[in-house]
Amino acid sequence: MIDAATIHRLGLKPGEPVRFRRGETGRWYTGKMSGVAVDGSITVYDANGNARSLRPERVEVRRPGGRGRLTWQTVSDVASTWEQLQLF
């Protein structure tokens with residue numbers, strides 16, 4: 001697992017609510033963000049306490065949208081936006 005400082009630099013927080021799907025289609029499941037593995041996968045704990053390692057594009061977090069309303073955005077989008085903002 002990557003340390004908490006790296007997770008914060010990506011714009012994520014341990015314990016943050018997330019949602020994910022098991023397949024391309026189907027219902028969304030809620031969980032909690034646990035961390036980021038060395039290979040870049042996101043470790044999520046589902047409602048039953050089971051750990052899952054998912055690709056960043058399969059996990060969504062809530063972030064303010066264009067008008068300030070919270071919307072679900074993929075972790076890969078949040079991480080790239082956060083890194084670009086830090087350059088300025």
Side-chain angles (χ1 to χ4, degrees):
M1 289 295 244
I2 294 178
D3 62 345
T6 304
I7 293 171
H8 286 291
R9 276 197 306 252
L10 293 174
L12 305 170
K13 299 175 211 143
E16 182 173 15
V18 297
R19 74 177 187 172
F20 61 93
R21 286 185 183 177
R22 291 190 182 171
E24 291 298 318
T25 59
R27 72 188 274 278
W28 289 98
Y29 294 93
T30 58
K32 298 241 182 233
M33 165 84 171
S34 175
V36 180
V38 176
D39 67 353
S41 63
I42 306 295
T43 304
V44 174
Y45 284 95
D46 66 10
N48 296 327
N50 299 320
R52 301 176 183 280
S53 291
L54 303 165
R55 296 186 316 255
E57 59 271 6
R58 309 236 349 160
V59 180
E60 295 186 349
V61 293
R62 292 188 66 117
R63 292 291 183 268
R67 296 185 175 190
R69 182 174 174 227
L70 288 177
T71 60
W72 289 103
Q73 299 176 11
T74 61
V75 169
S76 55
D77 290 344
V78 170
S80 65
T81 303
W82 187 264
E83 289 174 333
Q84 290 173 359
L85 291 176
Q86 292 234 342
L87 294 174
F88 294 108

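Because only heavy atoms are used, hydrogens play no part in the values below, and waters and symmetry mates are left out as well, while side chains stay in.
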Task: Pairing residues for Arg62 by the side chain to side chain donor-acceptor pair (under 3.5 Å) criterion, not counting sequence neighbours - done: none

Task: Nearest non-hydrogen partners of Pro64 and Gly68, listed with the distance - done: CB-O, 4.0 Å

Please report, to 0.1 Å, the donor-acceptor pairs under 3.5 Å made by any side chain of residues 44-56, with sequence neighbours excluded.
{"from": "Asp46", "atom 1": "OD1", "to": "Asn48", "atom 2": "N", "distance (Å)": "3.1"}
{"from": "Asp46", "atom 1": "OD1", "to": "Gly49", "atom 2": "N", "distance (Å)": "3.1"}
{"from": "Asp46", "atom 1": "OD1", "to": "Asn50", "atom 2": "N", "distance (Å)": "2.8"}
{"from": "Asp46", "atom 1": "OD2", "to": "Arg52", "atom 2": "NE", "distance (Å)": "3.4"}
{"from": "Asp46", "atom 1": "OD2", "to": "Arg52", "atom 2": "NH2", "distance (Å)": "3.2"}
{"from": "Arg55", "atom 1": "NE", "to": "Glu57", "atom 2": "OE2", "distance (Å)": "2.9"}

- [ ] Using the test salt bridge (Lys or Arg N to Asp or Glu O under 4.0 Å), find all partners of Arg19 that sit at least two apart in sequence or belong to another chain.
- [x] Glu60

- [ ] Taking all heavy atoms of Met33 and all of Lys13, pick out the closest pair and write down the distance.
- [x] CG-O, 3.3 Å

Open item on the list: For Arg22, give me all partners under side chain to side chain donor-acceptor pair (under 3.5 Å), at least two apart in sequence or on another chain.
Closed with: none

Task: Under 3.5 Å donor-acceptor, Arg58 side chain and Arg21 backbone - done: yes

